[in-house]
Amino acid sequence: MDNETIEAGKKVAITSYILGVGVFIAMSMNSEDKNKFASFHIRQGLGITITFVSLGLIVSNFDSLLISFPMWIFIYALWFYGIFTAIKGQTKPIPLLGIYFQKWLKNIS
């Protein structure tokens with residue numbers, strides 16, 4: 001990807017990591033002029049949001065700090081990694097799940 005594409009999509013890419021609402025805002029920002037860099041990070045951000053909600057639903061059944069604390073650490077680690085790669089202008093998938101998010105959410109721009 002060239003620098004122009006990265007710089008044009010950086011604001012949208014960073015917005016996509018605001019859990020929940022940010023993904024949908026970024027999707028609407030990227031709806032007219034499809035930017036490959038922004039689309040990559042929208043898929044990553046949406047994947048993190050889906051993972052957060054899914055794990056939250058499972059972990060909420062246990063009501064234990066020993067179970068919920070590692071989930072929060074895991075989500076924060078994925079979130080920090082994703083947002084810092086967007087700030088740096090890189091398209092590295094997040095660890096463990098990023099490749100799958102790109103495959104599963106390939107129709108999301």
Sequence-distant partners of T15, side chain to side chain donor-acceptor pair (under 3.5 Å), two or more places apart: none
Solution key, residues 64-72 side-chain donor-acceptor pairs under 3.5 Å, sequence neighbours excluded:
unit_1: S64; atom_1: OG; unit_2: L66; atom_2: N; d: 3.3
unit_1: S68; atom_1: OG; unit_2: S64; atom_2: O; d: 3.1

Identify all side-chain donor-acceptor contacts of residues 89-108 below 3.5 Å with residues at least two apart in sequence or on another chain.
unit_1: Q102; atom_1: OE1; unit_2: R43; atom_2: NE; d: 2.7
unit_1: Q102; atom_1: OE1; unit_2: R43; atom_2: NH2; d: 3.1
unit_1: Q102; atom_1: NE2; unit_2: F40; atom_2: O; d: 3.1

Non-neighbouring partners of T5 that pass side chain to side chain donor-acceptor pair (under 3.5 Å), sequence neighbours left out: D2
With N35 via side chain to side chain donor-acceptor pair (under 3.5 Å) - residues at least two apart: none
Cluster check M29, I14: I/L/V/M/F/W/Y, side chain < 4.5 angstrom: yes
Only pairs under 3.5 Å count here: list side-chain donor-acceptor contacts from residues 51-62, not counting sequence neighbours, and write none if there are none.
unit_1: T51; atom_1: OG1; unit_2: G47; atom_2: O; d: 2.8
unit_1: S54; atom_1: OG; unit_2: I50; atom_2: O; d: 2.8
unit_1: S60; atom_1: OG; unit_2: G56; atom_2: O; d: 3.2
unit_1: S60; atom_1: OG; unit_2: L57; atom_2: O; d: 3.0
unit_1: N61; atom_1: ND2; unit_2: L57; atom_2: O; d: 3.4

Qualifying residues under side chain to side chain donor-acceptor pair (under 3.5 Å), relative to K34, sequence neighbours excluded: S109
For S39 against N30, the heavy-atom pair lying closest together: OG-ND2, 3.0 Å
Side-chain donor or acceptor of S16 paired with backbone N/O of H41 under 3.5 Å: yes
Pairs satisfying salt bridge (charged side-chain N to carboxylate O under 4.0 Å, His left out), at least one member in residues 10-27, at least two apart: E7-K10
Show every donor-acceptor pair shorter than 3.5 Å between a side-chain atom in residues 73-87 and any protein atom, with sequence neighbours excluded, or say none if there are none.
unit_1: W79; atom_1: NE1; unit_2: Y17; atom_2: O; d: 2.4
unit_1: T85; atom_1: OG1; unit_2: Y81; atom_2: O; d: 3.2
unit_1: T85; atom_1: OG1; unit_2: G82; atom_2: O; d: 2.8

